[in-house]
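As structure tokens, the structure follows; a few thoughts come after it.
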Amino acid sequence: MNTLALKVFTALALILLVESASEDQKRYDNYSVYKIRHPNQLQRQLLHKLTKQHESFSLWHESREEIHLMVSPQALPELGKYLNKTYARSNMFISNVQELIDNEQALNMKARFGPTVNWKRYNTLSEIEAWLDDILIRYPGVTEGFILGKSFEGRNIRGLKISYKTGNPGVFIESNIHANEWITSASATWMINQLLSSADKQVREMAESHDWYIVPVLNVDGFVYSHEKDRLWRKTRQPSAISSCIGVDPNRNYDSYWMVSGASNDPCEWTYAGPHALSEPEIKAMSDFVSSIKDKLNVMLAFHSYSQLLLSPFGHTDEKVPENYDDLMQVAKAYGDAVKALPYGTVFRYGSSAEILYPVSGSTKDWAYNEQDIKISYTVEFRDTGKFGFVLPPSHIIPNAEEALAGIEALLRECKKLGYLQLKYKV
Ligand SMILES: [Zn+2]
């Protein structure tokens with residue numbers, strides 16, 4: 001083969017390689033996302049029915065004010081019928097989901113050179129794990145790795161403890177329980193790096209006066225699947241005994257008011273709560289681990305995207321509020337104010353899940369609050385409010401993580417003022 005032929009052959013082989021890699025992935029060509037504003041009860045019910053009947057519809061977000069619905073191009077006439085019939089007010093805000101995914105992949109490829117985890121792109125599970133190994137070597141005195149347990153597919157679920165001294169109150173951060181919310185693990189790893197290496201006086205003070213337990217990726221199987229097969233995969237990967245649909249919504253699977261509200265018993269839905277509480281090995285592992293150290297924990301934060309919200313208990317009911325509701329609001333306000341004060345001016349709203357979103361039971365924050373006596377417990381919904389949704393461009397990683405760090409710093413300061421950081425264990 002001469003040089004030119006060799007070059008042509010290599011180029012063709014490369015094209016084939018790239019094509020076969022992307023052929024393997026689920027595509028969302030011309031899938032669009034619609035915002036349906038101020039849906040009434042009937043519109044909401046019909047919409048749920050629609051998403052149940054058709055695979056072509058997915059509910060990306062649901063709150064009291066609006067619903068975000070992803071629709072396949074084939075199902076657009078069906079959506080049109082629904083909108084006409086119910087007089088729902090709507091507008092399209094993403095015209096082609098695949099385009100967002102392609103842009104994200106291109107940026108990820110471009111930033112591939114350099115340190116393994118560099119926050120200019122979204123990292124894979126193996127990159128995050130290699131980086132954690134490196135952190136453990138670089139900061140041997142103050143870091144300690146832990147393993148929650150094994151996932152359904154047999155992967156280790158890893159966490160990192162950071163502790164500068166004994167007698168600190170504990171903060172637990174759970175991240176990427178929903179597989180497609182990549183901004184969560186990207187922000188959690190950035191925060192780990194700051195806690196260990198920042199020279200900023202306030203960050204040092206915060207880092208060293210709390211014990212940190214951080215699980216960057218809880219839903220490891222789903223996360224790997226979302227990188228390799230389907231960017232929008234949300235659930236776990238355990239097959240169902242009653243359906244061909246795979247996986248459970250792990251944030252409906254905790255053993256606290258399981259299946260009471262805001263969860264589905266249909267394995268094909270995004271919010272399927274599982275055949276029983278703790279059916280998912282990842283959630284059982286998290287539950288066992290947190291129970292075993294609950295006396296050391298004062299604060300539980302579960303990282304999610306998207307919506308820019310701080311959600312507190314209760315999720316299972318809107319008929320009553322927790323006894324420290326006012327404190328939970330005051331602490332959430334501190335988080336929101338600190339984020340807004342940054343140059344980005346990002347606005348976070350706050351309130352209980354049941355108030356702002358809709359009733360949701362079996363989630364981390366409610367389980368931690370109700371069953372583990374962790375009285376400061378929130379779901380943090382990161383950027384954005386729907387422009388990119390789950391496919392947030394990597395240029396948002398550092399600004400989003402900066403907001404999380406500033407928000408948590410303010411949150412902990414407020415918690416201390418209100419007396420929530422007192423030790424529950426003897427030193
Ligand atoms: Zn989520």
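In listed order, ligands and their atoms are each counted from 1.
Minimum heavy-atom separation, Lys365 to Tyr378: CB-C, 3.8 Å.
Side-chain rings of Tyr335 and Tyr350 stay apart, their centers remaining 6.0 Å or farther from each other.
At a threshold of 2.8 Å, the Zn ion (ligand 1) has no backbone or side-chain N, O or S atom of Glu381 nearer than that distance.
Within His178, the N, O or S atom lying nearest to the Zn ion (ligand 1) carries the name ND1. Of all N/O/S atoms in His304, ND1 sits nearest the Zn ion (ligand 1).
Both the sub-6.0 Å distance and the 45° axial angle are satisfied by Arg383 relative to the ring of Tyr344.
With values rounded to the nearest 0.5 angstrom, Ile162 atom CD1 is found 9.5 Å from Tyr139 atom OH.
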